*Asks:* 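Before I ask anything, let me first share the structure, which is written out below as structure tokens.
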Number of protein chains: 2
Amino acid sequence: MTYLAPKIWVSVDCLVFGYDTNASELKVLLFKREVEPFLGEWSLIGGFVEEEENLENAAVRILDNFTGLSNVFLEQLQVFGNVNRDPAGRVVSVLYWSLIKIHDLKKDKAKIHGARWFSLSELPDLILDHKEMVNLGRQELITDAKLKPIGFELLPQEFTLPQLKQLYDTIYGGSVDDRNFRKQILKTELLIKLDKKDKSSSRKGAFLYKFDSEKYKQLSKEGYHLDLKI
Amino acid sequence: MTYLAPKIWVSVDCLVFGYDTNASELKVLLFKREVEPFLGEWSLIGGFVEEEENLENAAVRILDNFTGLSNVFLEQLQVFGNVNRDPAGRVVSVLYWSLIKIHDLKKDKAKIHGARWFSLSELPDLILDHKEMVNLGRQELITDAKLKPIGFELLPQEFTLPQLKQLYDTIYGGSVDDRNFRKQILKTELLIKLDKKDKSSSRKGAFLYKFDSEKYKQLSKEGYHLDLKI
DNA sequence: ACAAAAGTGTTGACCGTACACCCATGT
DNA sequence: ACATGGGTGTACGGTCAACACTTTTGT
């Protein structure tokens, strides 16, 4: 049994964000394209979907190939399917986005494919419509950071409140009032305060916290929705 | 130039919602599938993407084919791409959703393809993963109705506040306080009150309003976001 | 005059926001 | 002792949520 319809190449591109806590900068993982056309130019990590491979699995495979990571935040964003988006042929590309802890990146895997981080402020030219994809992801980040606990995907397992605030400041490009930010974030009761301090950036040291993902899952089931007023 | 990768069928399915103001019911447009497999079973309207056709254009074409409508609300929702979602072969389907005014449907066009409305409460069995698609759309409706002026896509050009409230009640499956609803919706200043009344449902008659889409576009550019507390 | 739906205001509770000083520590 | 970043509380104004009666008009 078969359909009378044209077949099309389907690819998956994966927009990977990381956050450099030291520089307070959002970064995107790019790699040097290994095939013609655009050989050697900067591109989102990506690849074609195999015959016997779910889209989701393709995204997982690609992410693992370039970062060595699995079980991280990875969601479908949008499909790009204009006829002429790729001059080499008709390719429909499914864009996924991923948020990872920047230090978890397996550097050997990244190196093999010439992948490296770029600050959002210093993005090189990207092939095809990949710039558009990055912009879409930035927008999504802005929208979602208030509504879902995605910030914690970008920070180390254990983080300080100043770090968390810095991250939100970076995403929203403005400075939030310190006291109000703490009130907002602690009010959710989704942070577990640890008995340790991080002294790497001050003499006093800042308490470390971790995100209570179990509690969040539980609350989500009961209809709870995060809604930070930042 | 060509890629060494498998090619895949790409289809577009289009989830069309309408709102029956009389019965206060949300409806979905379904049609009897015209090809094997699943010939004669109920399905979302859809079709394959042509070789030289943008995804968006395919959605527009399909919607026009079945409804005779263009220039209506039509947005991409998600891609469904599991290997075995269609037993007849590997098909990746891009789901679009559309909101239309139920009486604008061109009945002759719909009839040609055996398309008709179904209440959400009386959906028949659907082929493949189309039930999942409907559920995704319902969820999207719930999320978006507070944040975007999509309700007006479902109502006639001119509508009354009681009708609008009924619609929101239907979407959220609960009854909103009448006075608070009016306050919320009028506070936006996006409704234009007309000098006419609709007397079809009461002796007193309810004032007709229309949505000020120009003003909304303008405000959107300036960063305004609708945020109804329903 | 009455039935049936449309329309209208007020109050209390809570929440968001603005704002400035003390604390802990390593050097 | 001092410099550096971490941490804390309060008061005001606005917004959401709860609540019941009057208005209009066709019959």
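Letters A, B, ... are given to chains in the order of the sequence lines, protein chains preceding strands, and every chain is numbered from 1. Remember, it's a predicted structure, so these values are computed and weren't measured experimentally.
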*Asks:* For D177(A) and for P162(A), find the nucleotide of DNA chain D with the closest heavy atom, then tell me which residue's nucleotide is more 5'.
*Replies:*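 Result: P162(A).
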*Asks:* For the pair made of CG in L208(A) and P in dG7(D), what is the distance, rounded to whole Å?
*Replies:*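 Rounded to whole Å, this separation is 10 Å.
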*Asks:* Between E25(B) and S119(B), is there a side-chain donor-acceptor contact under 3.5 Å, judged purely by atom types and distance?
*Replies:*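 A pair is found: one side chain offers a donor N or O, the other an acceptor, under 3.5 Å apart.
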*Asks:* Given dA20(C), dT25(C), dG6(D), identify the nucleotide with an atom nearest to the side chain of R179(A).
*Replies:*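 Of all the options, the side chain of R179(A) is nearest to dA20(C).
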*Asks:* The side chain of K204(B) is closest to which nucleotide in this list: dT24(D), dG5(D), dA20(C)?
*Replies:*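 So the side chain of K204(B) is nearest to dT24(D).
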*Asks:* Shortest non-hydrogen contact from L69(A) to D104(A)?
*Replies:*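 Closest approach of L69(A) to D104(A): CD2-O, 3.5 Å.
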*Asks:* Write down the distance between CZ (F181(A)) and P (dT17(C)), rounded to a whole number of angstrom.
*Replies:*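 After rounding, the gap between these two atoms is 14 Å.
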*Asks:* Do you see a donor-acceptor pair shorter than 3.5 Å between the side chains of S93(A) and D13(A)?
*Replies:*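 Distance-only check passes for S93(A) and D13(A).
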*Asks:* K197(B) NZ to dA5(C) C1': how many Å, rounded?
*Replies:*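 Those two atoms, NZ and C1', are 11 Å apart.
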*Asks:* Answer with yes or no whether the side chains of E214(B) and Q218(B) bring together a donor and an acceptor at under 3.5 Å.
*Replies:*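 Checked: Q218(B)/E214(B) side chains show no N/O donor-acceptor pair below 3.5 Å.
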*Asks:* Identify which one of L30(A), V134(A), L29(A) satisfies the side-chain contact (heavy atoms from CB on, under 4.5 Å) criterion when paired with L15(A).
*Replies:*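 Checked L30(A), V134(A), L29(A) against L15(A); only one passes side-chain contact (heavy atoms from CB on, under 4.5 Å): V134(A).
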*Asks:* Whole-Å distance between dA5(C) P and N22(B) CG?
*Replies:*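 Going from N22(B) (CG) to dA5(C) (P), I get 14 Å.
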*Asks:* Nearest-nucleotide wise, let me know which of K199(B) and Y209(A) is further upstream toward the 5' end of DNA chain D.
*Replies:*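 Its nucleotide being nearer the 5' end, the pick is Y209(A).
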*Asks:* Look at the side chain of N180(B) against the base of dA18(D) and say whether a donor-acceptor pair falls under 3.5 Å; ignore hydrogens and angles.
*Replies:*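 A donor-acceptor contact between them is present.
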*Asks:* If you look at every strand shown and take non-hydrogen atoms under 4.0 Å, does T160(B) touch a base, only sugar-phosphate, or nothing?
*Replies:*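 Here T160(B) touches no strand at all.
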*Asks:* Could you tell me the separation between the CZ atom of F207(B) and the C1' atom of dA6(C), rounded to a whole number of Å?
*Replies:*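 Atom CZ in F207(B) sits about 10 Å away from atom C1' in dA6(C).
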*Asks:* Among Y168(A), Y19(A), F152(A), which one satisfies ring-ring contact (aromatic ring centres under 6.0 Å, His included) with F159(A)?
*Replies:*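 Running ring-ring contact (aromatic ring centres under 6.0 Å, His included) over Y168(A), Y19(A), F152(A) with F159(A) returns exactly one hit, F152(A).
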*Asks:* Starting at atom NZ of K146(B), determine the distance to atom P of dC16(D), rounded to an integer number of angstrom.
*Replies:*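 One finds 12 Å between P of dC16(D) and NZ of K146(B), rounded.
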*Asks:* What parts of residues 182-194 of chain A reach DNA chain D, counting only heavy atoms under 4.0 Å away?
*Replies:*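 Heavy-atom cutoff 4.0 Å gives R182(A), K183(A).
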*Asks:* Between S202(B) and I230(A), which residue's closest nucleotide on DNA chain C lies nearer the 5′ terminus?
*Replies:*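 Whichever sits nearer the 5' end wins; that is S202(B).
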*Asks:* Rounded to whole Å, please give me the gap between CG in D178(A) and P in dC23(C).
*Replies:*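 To the nearest whole Å, that distance equals 17 Å.
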*Asks:* Testing F31(B), W117(B), F118(B) one by one against W42(B) for a ring-ring contact (aromatic ring centres under 6.0 Å, His included), which residue passes?
*Replies:*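 Single pass found, and it is F118(B).
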*Asks:* Mind calculating the distance between CG (D198(B)) and P (dG7(C)) to the nearest angstrom?
*Replies:*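 Distance, rounded to whole Å: 10 Å.
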